[in-house]
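All remarks here apply to the structure that follows.
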Amino acid sequence: MPVDKHINFFELAKAAEKPGCPLCRIINDRAERYIDNMLFEHVADRGFRAIHREAGGFCAFHSKGLSAFRDGLAVAILGRDILEDRISAFEKNKAWNPKGRCPVCLEKERIEEEYLSFLVSSGGESPEEKELREVFTASDGLCAPHYGRLLEGSPRKFGRGGNRSITPIWLKQFHENKFRSLLERTSRFIELSAYGRQEEFAKLSEEDQLVWKELALSLRGGGE
Ligand SMILES: [Zn+2]
Ligand SMILES: [Zn+2]
């Protein structure tokens with residue numbers, strides 16, 4: 001296994017030991033580190049400042065943490081660029097339509113592609129691949145958006161012939177069983193929520209009584 005693949009393997013195996021979609025977890029950790037890194041090391045980097053400005057700043061989701069950052073100067077330098085552009089648009093009474101995309105969102109998509117293509121190529125019989133299969137199938141598995149993206153992967157990204165035909169069978173079976181079982185548990189929850197079935201409802205496990213939370217998280221993705 002090449003070195004970069006080893007990193008993918010270790011990160012996935014580590015994330016799979018924790019609750020929730022392993023890929024959402026990796027992305028959240030990496031996005032945080034990415035912003036941190038950008039703010040502390042690349043704020044003076046013209047290339048990054050230009051990309052950030054072109055995007056009109058970080059998206060609403062990724063700018064949430066900015067007011068809590070340790071480095072106020074970095075936030076001020078980046079923010080000033082955006083405020084200047086905003087003021088100029090206000091003065092011209094022009095709509096605000098930045099052309100670029102949030103640099104953290106772009107990074108997030110790059111990581112997603114990297115890990116999804118890694119997972120899709122993990123159908124072999126090497127000791128690492130076997131171990132990955134073991135830890136992954138013991139995990140909560142991918143959320144619905146990430147599993148959907150894995151299946152939809154274009155031939156350009158995931159190799160010739162489209163991804164559907166090359167999705168390893170273990171990955172497909174594991175996820176489809178998992179989603180089917182989530183559907184059954186949800187239906188049971190709905191059924192037993194009806195009037196007069198309180199006693200049966202009370203016998204459900206705590207997990208099954210809270211299955212709606214699990215469902216919402218699995219459908220939305222993005223982690224806790
Ligand atoms: Zn996910
Ligand atoms: Zn973003």
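One-based numbering, in listed order, for ligands and for the atoms of each. Predicted model only: the values in this text are computed from it and were never measured.
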Answer yes or no: is there an ion pair linking E125 with R133, defined by an N-O contact shorter than 4.0 Å? yes
To the nearest 0.5 Å, how far apart are CD in E131 and CG in L12? 12.0 Å
Nearest 0.5 Å, please: how far is NE2 in H52 from CG in D45? 12.5 Å
Decide side chain to side chain contact (heavy atoms under 4.5 Å, CB included) for E191 and E200; before the verdict, give the C-alpha distance in whole Å, the side-chain angles of both, and the deciding distance to 0.1 Å. CA-CA 10 Å; E191 204 183 302; E200 286 165 277; over 6 Å; no
Roughly how far apart are L215 CG and L183 CG, rounded to 0.5 Å? 9.0 Å
So which protein N/O/S atoms does the Zn ion (ligand 2) have within less than 2.8 Å? C59 SG, H62 ND1, C102 SG, C105 SG
Could you tell me the separation between the CD1 atom of I169 and the CD atom of Q173, rounded to the nearest 0.5 Å? 5.0 Å
Could you grab the distance from atom CZ of R80 to atom CD1 of I82, nearest 0.5 Å is fine? 12.0 Å
The Zn ion (ligand 1): protein N, O or S atoms [distance under 2.8 Å]: C21 SG, C24 SG, C143 SG, H146 ND1
For Y34 and I111, what are the C-alpha separation, side-chain angles and deciding distance, and is it a side chain to side chain contact (heavy atoms under 4.5 Å, CB included)? CA-CA 11 Å; Y34 180 80; I111 299 170; over 6 Å; no
Please confirm whether the backbone N or O of G196 pairs with a side-chain atom of Q198, one donor and one acceptor, at under 3.5 Å? yes
